[in-house]
Novice: 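Shown below is the structure under consideration.
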Amino acid sequence: MAVRYVPIVGALLTLEQAQALVLAHAHALAAETVPLEDAAGRVTAEDARALVDLPPFASSAMDGFAVRAADLPATLPIVERIAAGRPAQRALEAGEVMAISTGGVVPTGADSVIPIEYVVQHDNSIEVLETVPLGAHVRRRGGDVATGDVVVSAGARLGPVQLGALAAAGVARGVCARRPRVAILATGGELARRGDPLELGQVYESNGLMLTAALAAVGADITALPVVADDGSAHRAALERGLAADVLVTSGGVSVGPHDLVRAIEAELGVEEVFWRVAIKPGKPVSFGVRGETLVFGLPGNPVSSLVGCELLVKPALRALQGQRDPLPRLESGVLASPLQRNDARDEFVRARSRLDQDGVVLEPLSGQESHMIVRAAAADAFVHVPRGDGELAAGSYVTWIRLGGD
Ligand code: AMP
Ligand code: MG
């Protein structure tokens, strides 16, 4: 049976409308407990709190001598030597000093540390010619965080710094949303495998690999399905398999050509389409639907269109599935280096390179903005947002932009 889809003609959704619809369907997945060693890139489902004060004790910020500030200047006996992990056996009395290393416990009775550079050392005493401010070089217990205080709040992605903070605060496990299982399916009878010679009419499959890398960066657990040709039964089997995931992302086959089968077969398989086509350039033919709890994205085949749909719609959905705060792409601001023509019907995302100038970020649009030009796009680190409208954005205009390729 030939499967044909009759396109609905109508006004296109705006990007904002499309993103709102996606987020309305992307509910946070169940949380699980994850050892910190496995939690890099995961999103916290609840506030993670300190189990200890940090620092856990008053500690020395310098290699030097623990003193009572009021005793200085003076020549004073060294009564003990304190190392990191090896506290003093007794309290410091008036008129004494203890040698102390960075990270050592400041002994009871001491209130300050004088750095080694400021003293003249004799065998068992030091000569100090200056005073030190009270509390100098002493890291207060709990100065970074107190027991029970929030270290990382719910909805944050755990990067290196957050992991370091949790570990330092005594936390061994995080409570994080389950990683979304994502199936990626590239469609197209013209797609050749890496390493095979190209025959006339073929292009190398590239979207599957690109989308896998892009979605892995936002925490997806990915299955890349074998590529399918533009054939109904092959589509049916592969799509059904992909629909078992939390998110199915296809590439190709969502335009209006006779070989664009994805949406029609998804409809047969029970996918309810939420939208098809969005007023963006490139990426207009993107589709989004749901079947049960599964989110279904149909990205266009042109590689740059696929990339734009991924950044603007799929990555936000994956962030939201993990409960991440602010799942939409983060907009930055900058100044255009050269003018850009606006599109009267669609918001455009122009590939550009960002650089820092004395006035801030400057964006240089790249040549080669067609949606098949993935190699040109590979030189970009930014998508400049050109809002739909008349005329052009002049050189020097303030624009917003999205950094490419992050989490
Ligand atoms: P489609 O959206 O299926 O009409 O494809 C649009 C264009 O993108 C065609 O030129 C395809 O050859 C190309 N294309 C589709 N899928 C891929 C893919 N996975 N990798 C690279 N190019 C693709
Ligand atoms: Mg195709």
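Counting starts at 1 for both ligands and their atoms, in listed order.
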Novice: Can you tell me how far apart CG (Asp231) and OG1 (Thr187) are? Round to the nearest 0.5 Å.
Specialist: 11.5 Å

Novice: Which of the atoms in ligand 1, numbered in the order shown and given with their element, are less than 4.0 Å from a heavy-atom of Val203?
Specialist: 12 (O)

Novice: May I have all residue pairs that pass ring-ring contact (aromatic ring centres under 6.0 Å, His included) and include part of residues 331-369, sequence neighbours excluded?
Specialist: Phe349-His385

Novice: Identify, with sequence neighbours excluded, every residue that meets side-chain contact (heavy atoms from CB on, under 4.5 Å) alongside Val161.
Specialist: none

Novice: Write down the atom of Ala50, the atom of Val145, and the distance for their closest heavy-atom approach.
Specialist: CB-CG1, 3.8 Å

Novice: Evaluate Phe288 against Val296 for side chain to side chain contact (heavy atoms under 4.5 Å, CB included), listing each step before the verdict.
Specialist: CA-CA 6 Å; Phe288 172 65; Val296 185; 5.9 Å; no

Novice: Check each heavy atom of Glu205 against ligand 1 and say whether those closer than 4.0 Å belong to the side chain, the backbone, both or neither.
Specialist: both

Novice: Near Glu293 CD, under 6.0 Å, is it more than 12 heavy atoms from other residues, nucleotides or ligands?
Specialist: no

Novice: Which of the numbered atoms in ligand 1 are below 4.0 angstrom from a heavy atom of Tyr204?
Specialist: 20 (N), 21 (C)

Novice: Give me the nearest non-hydrogen protein atom to atom 13 (C) of ligand 1 as residue plus atom name, then the distance to 0.1 Å.
Specialist: Gly301 O, 3.7 Å

Novice: Looking only at protein heavy atoms, which one is nearest to atom 20 (N) of ligand 1, and how far off is it?
Specialist: Ser206 N, 3.0 Å

Novice: What's the shortest distance from atom 9 (C) of ligand 1 to any protein heavy atom, and which residue and atom give it?
Specialist: Glu190 OE2, 4.0 Å

Novice: So is Gly253 in contact with ligand 1, going by heavy-atom distances below 4.0 Å?
Specialist: yes

Novice: Applying a 4.0 Å heavy-atom criterion (strictly less than), which segment of Ala186 is in contact with ligand 1: side chain, backbone, both, or neither?
Specialist: side chain

Novice: Which atoms from ligand 1 have a heavy atom of Ser251 less than 4.0 Å away?
Specialist: 16 (N), 19 (N)

Novice: What is the closest protein heavy atom to atom 18 (C) of ligand 1, and at what distance does it sit?
Specialist: Asn207 ND2, 3.3 Å

Novice: With heavy atoms under 4.0 Å as the rule, classify the contact between Val254 and ligand 1 as side chain, backbone, both or neither.
Specialist: neither

Novice: Distance from Leu12 atom CG to Arg346 atom CZ, nearest 0.5 Å?
Specialist: 7.5 Å

Novice: Going from CG on Leu299 to OG on Ser251, what distance comes out if it is rounded to the nearest 0.5 angstrom?
Specialist: 7.0 Å

Novice: Looking only at distances, can you tell me whether any N or O atom of Asn302, backbone or side chain, sits closer than 3.5 Å to an N or O atom of ligand 1?
Specialist: yes

Novice: Does Gly257 have a non-hydrogen atom less than 4.0 Å from ligand 1?
Specialist: no

